[in-house]
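Here the structure is laid out as structure tokens; the discussion comes afterwards.
Order of appearance sets the numbers: ligands from 1, and atoms from 1 within every ligand.
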Amino acid sequence: MDPLLNLVVDMYGCPNRCLHCWLGHMPNKALPDGTDSYIVDYFRPYFGRIAYYSWMREPDFCNDYRERWLRDIALSVNARPERFELASFWRIARDDGYVPFLKEAGVKKVQLTFFGLRETQDRYVGRKGAFDEVIEATHRLIDGGIIPRWQCFINEENISEIEEVYALYLKIKAEFCPDMEFFVHEGSCDGENRKLYPIRIQKRHIPENLIPVYLGYDGLLEEKDCVKQLLECDHSPEYRLSGDITLNIAGTLDAYLNFTHLSAPWQVGNLKTDDPRVFCRRLAEGDIPALRRAKQVTWKRLARDYGAQDSERAFSLDDYKIFLFNRFLNNNEE
Ligand code: SF4
């Protein structure tokens with residue numbers, strides 16, 4: 001089967017400015033009518049299967065989200081965009097028609113994000129009222145027959161609050177929704193979340209009662225162990241383009257590989273100013289600054305130059321690798 005090209009376009013923006021946002025913060029900008037078909041047509045001669053997404057940050061942030069969803073489906077070529085288990089809690093809390101729409105669209109679960117209790121949640125999301133909205137959204141989903149799944153980002157400053165959020169989850173689950181789900185994790189360390197590195201959770205500080213609901217706990221390492229492993233590795237970073245490809249496309253029509261946050265080394269080109277043939281050649285050949293730079297370095301060197309050998313911060317090895325590699329890219333622009 002032809003590889004699938006996922007076009008993930010920031011057509012409307014996001015109401016939030018989360019401190020952990022892995023995509024990175026950018027202005028909200030509504031793209032002019034016709035931009036969607038322009039983008040699909042740009043790639044049509046080169047890809048037999050294209051899935052079009054009109055959102056990169058907040059799903060369904062535009063008011064005509066019903067028509068928008070149908071248009072995303074219609075624009076896609078020999079493929080269908082997925083709903084995933086994502087939705088806008090901003091909209092769930094204020095739009096009575098939205099949960100019924102999600103249900104009609106086949107959504108069975110929706111993930112909602114927590115950083116702590118009211119003051120902390122509002123500060124991390126960047127909006128007053130965010131905590132109350134996620135609670136409201138939880139109940140509206142349950143009433144509408146959709147299972148909420150709470151995900152919590154834990155760090156050194158919110159440990160006890162995440163325990164309280166867990167207790168609240170257990171209460172709501174017992175009272176209203178036995179199928180409700182919960183997990184906690186440290187999050188990746190790219191985009192805005194890199195700035196939270198100083199308060200990244202230390203593995204030994206993860207409370208015992210959260211270990212059973214900690215995502216990927218078995219593979220979780222301390223930074224010093226990641227460094228130790230990588231100091232033994234003479235291979236270069238391998239971020240290869242093979243099989244299906246996903247492009248994150250900003251409101252400026254700058255298009256990026258989706259391995260990490262949107263930043264210059266990961267940019268393939270611009271869909272307004274670059275000839276589609278040139279853009280698709282770069283994709284086919286992996287002729288992209290980050291991928292070129294990857295061949296010039298080894299994990300051993302990255303661990304030596306950028307790793308903290310005494311740090312107990314918690315990382316999965318893959319998240320740590322991209323964190324190190326991005327530090328290298330930032331310090332070594334082409
Ligand atoms: S994490 Fe999601 S909801 Fe938060 S600012 Fe980023 S895109 Fe918006």
For this session: Could you please spell out the steps behind the side-chain hydrogen bond (donor to acceptor under 3.5 Å, both in side chains) verdict for Y320 and Q229?
Result: CA-CA 11 Å; Y320 190 63; Q229 280 193 36; over 6 Å; no
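In D33, the CG atom is not crowded: 12 or fewer heavy atoms of neighbouring residues, nucleotides or ligands sit closer than 6.0 Å. For N63, the CG atom counts as loosely surrounded, since its 6.0 Å shell holds 12 or fewer non-hydrogen atoms of other residues, nucleotides or ligands.
Not close to ligand 1: E192, with no non-hydrogen atom less than 4.0 angstrom away.
No hydrogens or angles considered: nothing links the side chains of W69 and S54 as a donor-acceptor pair under 3.5 Å. Y214 and E186 share a donor-acceptor pair across their side chains, judged by distance under 3.5 Å alone.
Salt bridge present: D234 and K300 bring a charged side-chain N and a carboxylate O closer than 4.0 Å.
With waters neither drawn nor counted, the protein N/O/S atoms under 2.8 Å from atom 8 (Fe) of ligand 1 amount to 1.
In this structure, atom 1 (S) of ligand 1 has a protein heavy-atom contact shorter than 4.0 Å.
With a 4.0 Å cut-off on non-hydrogen atoms, H20 touches ligand 1 through its side chain and not its backbone.
Across all their heavy atoms, K224 and Q309 have their closest contact at CB-O, 3.1 Å.
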